[in-house]
Amino acid sequence: MAGFQVSKRVAAAALLGVVAWGASPLTGRASEVAVAQTAKYPLRPITVIVTFPPGGGTDLLARKLGPRLEKALGQPVIIDNRPGASGNIGARAVAYARADGHTLLMANSSFAINPGVFRNLGFKPKEDFAPIANIGFVPSVIVTGSGSDIQSLQQVLLQQSEPALAYASCGNGTPQHLAGEMLYDLRGAALLHIPYRGCGPALNDVVAGQVPIGIVTLSSAATLIESGHLRALAVTSAQRSPVLPDVPTVAEVSKTGFELDQWHGLLAPSHTPEPIITTLNRVVQEALTDPALQAELLALGYTPQEGNESARPSGFKAMIWNDIDRFGALSSKIGLQVD
């Protein structure tokens with residue numbers, strides 16, 4: 001089966017490169033069509049595949065960005081949630097999509113963590129994707145329900161014996177799963193991982209008291225913390241979040257160098273023409289300069305990346321490729337692997 005998948009990928013890439021975009025000079029007409037299609041981009045509605053279900057930070061970001069992209073590009077932007085396998089299902093769909101800029105991927109750091117965690121992704125991150133822009137960084141937050149007896153992260157870290165304290169994450173191999181494993185690696189806290197198919201479903205069970213604590217993106221939990229349905233115990237960033245200035249960092253509580261932020265960004269299938277990547281990057285950057293959007297993202301805990309190196313295609317690519325290697329080494333060290 002693996003051999004079939006590789007053959008399919010190669011054949012699809014060849015077909016897209018030769019027929020759709022004229023990458024091989026079989027006929028002058030093919031090249032002319034490619035140039036014309038690129039110049040008129042976009043030709044139809046754009047689908048943004050989101051790797052997690054509605055209600056999580058990745059979904060919220062896509063839905064806030066979508067209307068700005070519609071206005072700039074003159075075509076509808078359809079948000080298509082494809083949750084499962086820590087984002088691998090959605091990523092696989094985009095890896096095999098036509099490389100014409102009409103199918104994009106909204107992903108987060110799970111994209112870079114998964115290669116070191118899953119034995120078979122069904123695609124090759126460094127070969128099958130063209131990064132467009134990092135939109136923003138956001139920390140994760142450790143939360144508990146408002147009716148819980150847990151008042152601080154210290155109580156969690158003191159759980160050194162059975163029964164283990166269950167924690168909900170946004171899925172196997174997500175930054176939140178990795179954060180829980182890092183806590184265990186640092187302090188040996190007895191924690192039991194309960195993976196969900198996204199931060200939204202995980203939060204529902206933490207609010208309901210079905211799971212004692214959750215590790216989720218701050219963007220997905222911010223409104224529930226503000227409304228009093230959740231109690232924030234700590235954030236995973238190096239510094240405290242402006243959204244939760246009274247909530248300590250894990251590093252403060254654990255007296256370690258603990259740090260784990262999460263990026264969210266747009267990618268396209270590899271072989272997408274460079275002019276289309278440039279156009280998409282430009283409209284994303286223009287959207288991020290909108291004060292209203294900046295305020296919305298900051299309220300959710302994001303640090304928008306407009307104008308920064310990681311917001312450029314080359315910088316975003318370098319960051320992702322580095323994260324794949326970095327997280328791979330960390331996953332290997334702590335023995336994190338999902339079959």
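Counting from 1, the numbers follow the sequence of the chain as shown. Note: hydrogens, waters and symmetry copies are ignored here, and every other heavy atom, side chains too, is used.
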For the pair His177 (side chain) and Pro175 (backbone), establish whether a donor and an acceptor sit closer than 3.5 Å, ignoring hydrogens and angles.
no
Where the side chain of Arg231 meets the backbone of Ile225, is there a donor-acceptor pair that is under 3.5 Å apart?
no
What is the distance from atom CG of Asp185 to atom CG of Leu336, rounded to the nearest 0.5 Å?
11.0 Å
Evaluate the side-chain proximity of Val211 to Tyr196: yes if any heavy-atom separation is below 4.5 Å, no if none is.
yes
Are Asp80 and Thr103 close enough, and set up right, to give a side-chain contact (heavy atoms from CB on, under 4.5 Å), and what steps lead you there?
CA-CA 10 Å; Asp80 182 1; Thr103 303; over 6 Å; no
Once you round to the nearest 0.5 Å, how far does CG of Leu157 lie from OG of Ser152?
8.5 Å
When rounded to the nearest 0.5 Å, the distance separating CG of Asp128 from CG of Leu105 is 11.5 Å
Trace of the side-chain contact (heavy atoms from CB on, under 4.5 Å) decision for Phe258 with Leu186
CA-CA 9 Å; Phe258 190 106; Leu186 287 172; 3.2 Å; yes
Examine the side chains of Gln176 and Ser140 and answer whether a donor and an acceptor come within less than 3.5 Å of each other.
yes
Has Asn308 got a side-chain atom pairing as donor or acceptor with Ser310's backbone, closer than 3.5 angstrom?
no
Hey, is the main chain of Ser110 close enough, under 3.5 Å, to the side chain of Asn114 for a donor-acceptor pair?
yes
Should the heavy atoms of other residues, nucleotides or ligands under 6.0 Å from NZ of Lys126 be counted, would the total exceed 12?
yes
Would you kindly confirm whether Ile150 and Val250 end up in one hydrophobic cluster when ILVMFWY residues are joined by side chain heavy atoms under 4.5 Å apart?
yes
Determine, step by step, whether His102 and Tyr41 satisfy the ring pair (Phe, Tyr, Trp, His ring centres under 6.0 Å) criterion, reporting the C-alpha distance in whole Å, the side-chain angles of both residues, the deciding distance to 0.1 Å, and the verdict.
CA-CA 9 Å; His102 292 90; Tyr41 174 81; 5.2 Å; yes
Is the shortest heavy-atom distance from the side chain of Leu178 to the side chain of Ile113 under 4.5 Å?
yes
Does Ser148 reach the main-chain N or O of Thr144 with its side chain, forming a donor-acceptor pair under 3.5 Å?
no
Less than 4.5 Å apart, side chain to side chain, heavy atoms only: is that true for Val143 and Leu224?
no
ILVMFWY network linking Val156 to Met182, side-chain heavy atoms under 4.5 angstrom
yes
For the pair Ser219 (side chain) and Leu300 (backbone), establish whether a donor and an acceptor sit closer than 3.5 Å, ignoring hydrogens and angles.
no
Would you please say whether a donor-acceptor pair under 3.5 Å links the side chains of Gln337 and Arg119?
yes
What's the separation between atom CG in Asn108 and atom CG in Asp59, rounded to the nearest 0.5 Å?
11.5 Å
Give a yes or no answer on whether the side chain of Asn322 reaches the backbone of Met319 with a donor-acceptor pair at less than 3.5 Å.
no
What heavy-atom pair brings Pro131 and Ile277 nearest, and what distance separates the two atoms?
O-CG2, 4.0 Å
Measuring only between side-chain heavy atoms, which start at C-beta, is Glu309 closer than 4.5 Å to Ser314?
yes
Spell out, yes or no, whether Ile49 and Leu60 are grouped together once hydrophobic residues are joined by side-chain heavy atoms under 4.5 Å, including indirect joins.
no
Scanning both residues in full, the closest heavy-atom pair of Ser241 with Val235 reads N-CG2, 4.3 Å
Do you know the tightest heavy-atom contact between Asn281 and Ile132?
ND2-O, 2.8 Å
Straight-line distance of Met106 CE to Phe52 CZ, nearest 0.5 Å
13.0 Å
Please find the pair of heavy atoms, one from Pro67 and one from Arg63, that lie closest to each other, and give the distance.
CD-O, 3.1 Å
Consider only side-chain N and O atoms of Ser169 and His193, and report whether a donor and an acceptor are under 3.5 Å apart.
yes
Among Phe111, Trp321, Trp263, which residue satisfies the ring pair (Phe, Tyr, Trp, His ring centres under 6.0 Å) criterion with Phe316?
Trp263
For residues Val283 and Leu73, determine if any side-chain heavy atom of one lies less than 4.5 Å from a side-chain heavy atom of the other.
yes
Do Phe137 and Gln305 have side-chain heavy atoms sitting under 4.5 Å apart?
yes
Take Ile89 and Thr51 through the side-chain contact (heavy atoms from CB on, under 4.5 Å) test and state the conclusion after the steps.
CA-CA 7 Å; Ile89 291 175; Thr51 54; over 6 Å; no
Do the non-hydrogen side-chain atoms of Leu203 and Leu230 ever get within less than 4.5 Å of each other?
yes
Measure the shortest side-chain to side-chain distance between Ile135 and Leu266 over non-hydrogen atoms and say whether it is less than 4.5 angstrom.
yes
Contact summary for Ala95 and Phe123, nearest pair of heavy atoms
CB-CB, 3.9 Å
Salt bridge or not for Glu252 and Arg240, using N-O below 4.0 Å?
yes
Between Gln210 and Val206, is there a donor-acceptor pair closer than 3.5 Å when you use the side chain of the first and the backbone of the second?
no
Heavy-atom pair of closest approach, residues Thr249 and Ala238
CG2-O, 3.9 Å
Please check if atom CD in Glu286 has more than 12 non-hydrogen atoms from other residues, nucleotides or ligands closer than 6.0 Å.
yes
So with a 6.0 Å cut-off around NE2 of His229, is the heavy-atom count from everything else above 12?
no
Any sub-3.5 Å donor-acceptor pair from Thr272's side-chain atoms to Ala268's backbone N or O?
no
Spacing of CG belonging to Leu288 relative to OH belonging to Tyr302, to within rounding of 0.5 Å:
11.5 Å
Checking Ser86 against Asn172: is there a side-chain donor and acceptor pair closer than 3.5 Å?
no
Keeping the roles fixed (side chain from Thr278, backbone from Glu274), state whether a donor-acceptor pair exists under 3.5 Å.
yes
Under 4.5 Å between side-chain heavy atoms, hopping through other hydrophobics if needed: is there a path connecting Leu298 to Val138?
no
In terms of hydrophobic clusters joined by side-chain contacts under 4.5 Å, are Ile215 and Leu165 together?
yes
Take Val141 and Thr217 through the side-chain contact (heavy atoms from CB on, under 4.5 Å) test and state the conclusion after the steps.
CA-CA 6 Å; Val141 59; Thr217 57; over 6 Å; no
For atom CD of Gln154, is the number of surrounding heavy atoms from other residues, nucleotides or ligands below 6.0 Å larger than 12?
yes
